[in-house]
> 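The following block contains the structure, expressed as structure tokens.
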2 protein chains.
Amino acid sequence: MAEERAVGTPVLRRLNTAAVLRAVRGCAPEPVRLAELVRLTGLTRPTVGQAVDDLVGAGWLQQHDPAATSPQGGRPAVRVSLRGRAAPVLGLDVGPHTVSTGIDDLAAHRLAAVRLPVGDTGAGRLLGVVDEAVGRALAEAALGADEIAAVVVATPGIVDPASGRILLAPSVPGWTAVNLSEHLRGRFGCPVRVENDANLAALAVAGERSGAGTLLAVQWGERLGAGVVIDGRLHRGTGAAGEIGFIRPPGEFPDTGDGRGPLERAVGAEAITERARRAARDRPGSALRSGRLDAPAVFTAAAGGDEAAVEVVDAVAAAFAHAIAPAVLVLAPDAVVIGGGVARAGSVLLTAITRHLEGLTLTPPAVEFSGLAEDTVLTGALRLALDEVWGRLPV
Amino acid sequence: MAEERAVGTPVLRRLNTAAVLRAVRGCAPEPVRLAELVRLTGLTRPTVGQAVDDLVGAGWLQQHDPAATSPQGGRPAVRVSLRGRAAPVLGLDVGPHTVSTGIDDLAAHRLAAVRLPVGDTGAGRLLGVVDEAVGRALAEAALGADEIAAVVVATPGIVDPASGRILLAPSVPGWTAVNLSEHLRGRFGCPVRVENDANLAALAVAGERSGAGTLLAVQWGERLGAGVVIDGRLHRGTGAAGEIGFIRPPGEFPDTGDGRGPLERAVGAEAITERARRAARDRPGSALRSGRLDAPAVFTAAAGGDEAAVEVVDAVAAAFAHAIAPAVLVLAPDAVVIGGGVARAGSVLLTAITRHLEGLTLTPPAVEFSGLAEDTVLTGALRLALDEVWGRLPV
DNA sequence: GGGGGTTTGTTAAAGTCCTTGAAATACCGG
DNA sequence: CCGGTATTTCAAGGACTTTAACAAACCCCC
């Protein structure tokens, strides 16, 4: 049955202490006056005082000198702020070419950031690079592995929610055989969560926007992935949610044998280049025939009005819009945010996608580019780790 | 900022009383011994006693005679149960042909059920039928309109979550002009919520299954709609979530001018009949040429091995699978449950859809028929209304 | 330099609630 | 009529928050 927890008076203390801690977090990174906390939490002065004493004692908060800033005449206020090092979290983005890791403190301050290239692909080698990146980051933050409060790892492929095992990762050969979460759990004494990279990127994108609402965040580069964030929380479904790369768009796109999905073969960065190459063949005057031909070049040419490039962009936008339209109809997201390499395409692609989606959906979502840079996935991993820590407020 | 509620000792009482009430609900409709509640809630005897006294005083619980059932030797236990009439809820399913209404008590006991046909279509007339159905149901349950604690109305079309206005309802001409929620709010003193009918059906289907997980519940008849339920909660998105009828499947399906979406024109019950008619034309021996030709007949013929019928069913299944595959990839639901008229098709359709989905998705969901009967939508409306009441436990 | 004003911190008493443990109650079977 | 059993009732004790009054520290201004 619904085994409810017994509720005695001590629970009140827990609740109030947690409320105070959250209030302090809401003001981070600024130190807060206790009187301000009274106003924020609605609790009374003695209660807040008690809670703050407890939190300082447990290492969650640090007291500041009353010396600084005395705004109005009156007794100098005690000011407290988050003691970030109380529960630092580690994020890890394991990609086929690069391993990025970062350490954030409780207040989301970056304590360390390390990025290492992966020379030759190979799962065993990758694990070594992961270890080295983690070691360097810990050294940079001057922390021991046992001090880390939560670890979140981003990896391509599908992750089993329960075990953290990687079930499918076409882009890293042999990667599914490695039990990454097991490996890291041995090194850290805290929960280690492995999550799909596109999902974490979605979380990062959602963090940039307002909390509520539904978001479909697409990562669009050579490969395509997406994450669904509903009211600030990641939607995982049975585990493989957001795998838009395997949507089958109209038309035939032969299997490339490298594990890519149909949509990736149709509108991935490489496919865009290939489309442009074919389009340029029939257009002697096209800008696509001169200079280096890659996806950015196609978008630049389209922005300049080059007919062949515009056609390519429109075809790509149409294929993408048709592919995601059913999902947009079912989810009715507030926005579709596009990140990854293609996000640097400029507005040509955006407007085309918007136009096509308008004809295919009932309440067309806003279509936007993500403003986040290369470390989107890492940001999302750290964000999820922080959420995890804040979720189990161990006051 | 995060305006936290002040937490004093009285809050404890609220919490515990609510826990007791939930525990009683968990045992409904059976009366519960107080000692049992102590075990269920983990609270102590005096606390439970206090809470029960409060709840009986407020009318939420009713005490039973100790006369009945004395299982073991010992002092007869005080037994309490939900006083259903404390907060009855009213559900309303407004369809183009029928208006159904029902009243449930707190324990989800049906107190009244009224179903009225709508003679001629027309928004004004429909409103009159709604009023009559509500009036009859109230009379049947011997309740006044002011005693109802929550009202949920199911309507076709897209509903604005904020105002409750109907934004788009192709199947009922003029229906968007009627402010249904305003009309009912004038009659009831409680919250009135208007919700898309397919969404409510989804909620009902989810209620039949275990609580957690992601569910895509499709209503498949002349028209197609769906609802998304995630961990027991309805996903609305911007308001139009689940409108799968407007997915555009491959192939051309001319606009019929009655507001139907492309997928409805491709695989709706009527489209199935039309497909069968065309298939039968070329097959002199087909079972489809004899007898009445409608969707059930097609499925029956396919189950019997009729070649033309099998082809039709397979084509329909393929179109449906292709249409929802992108949504399945993005959502990764545990199950796709199909209700509505087509759900009585038998397993021919199911297996065909399952087969096609397996090739189109990474983690194919279970595809099932809903076991619920005609009043699925009404059940969902009542369920949501009850959730609403239980959500704002006004202890 | 001293007093008023202001803001904040401190402390003790009171109130509310939950818990503990012992005693009382009510029914059964023999 | 008497133990046995399960439940209820009652009173004392402990934990927490609140209220309210008081003390501290700083500013400004005369």
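Within every chain, numbering begins at 1; the chains are lettered A, B, ... in the order of the sequence lines, protein sequences first and strands thereafter.
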> Atom CG of L15(A) and atom P of dT17(D): how far apart are they, to the nearest Å?
10 Å
> Side chain of P76(A) only, heavy atoms from C-beta on: which candidate in dT7(D), dC26(D), dA15(D) is closest?
dC26(D)
> Identify, between R45(A) and T9(A), the residue whose nearest nucleotide on DNA chain C lies closer to the 5' end.
R45(A)
> What is the minimum heavy-atom distance between I103(A) and P88(A), and which atoms define it?
CG2-CB, 4.2 Å
> Considering heavy-atom distances to DNA chain D, does E36(B) or P46(B) have its closest nucleotide positioned more toward the 5' end?
E36(B)
> Specify the separation, in whole Å, of atom CZ of R13(B) and atom C1' of dT16(C).
8 Å
> Could you tell me which residues satisfy side-chain contact (heavy atoms from CB on, under 4.5 Å) with D105(B), sequence neighbours excluded, listed by chain and number?
A107(B), H109(B), L111(B)
> Quick one: is R75(B) getting a side-chain N or O under 4.0 Å of the dT8(D) phosphate, OP1 or OP2?
no
> If I take atom CZ in residue R14(A) and atom P in nucleotide dT17(D), what distance separates them, rounded to the nearest angstrom?
13 Å
> Can you confirm whether V80(B) sits close enough to L37(B) that some side-chain heavy atom of one is under 4.5 Å from a side-chain heavy atom of the other?
yes
> Would you mind reading off the distance between N16(B) atom CG and dT16(C) atom P, rounded to a whole angstrom?
17 Å
> Take atom CG of L12(B) and atom P of dG14(D), then tell me their distance rounded to the nearest Å.
19 Å
> Measure from CD on Q50(B) to C1' on dT19(C) and round the result to the nearest Å.
14 Å
> Heavy atoms from C-beta onward define the side chain here; which of dT18(D), dT8(D), dC16(D) lies closest to that of P10(A)?
dC16(D)
> Are the charged groups of R209(B) and D334(B) less than 4.0 angstrom apart, N to O?
no
> Can you tell me how far P of dC17(C) sits from CG of L43(B), to the nearest Å?
14 Å
> Without decimals, in angstroms, what is the distance between R39(B) CZ and dA6(D) C1'?
15 Å
> Side chain of T44(A) only, heavy atoms from C-beta on: which candidate in dG9(C), dT19(D), dT8(D) is closest?
dT19(D)
> List the residues meeting side-chain contact (heavy atoms from CB on, under 4.5 Å) with D160(B), not counting sequence neighbours, and say none if there are none.
A162(B), S163(B), L167(B)
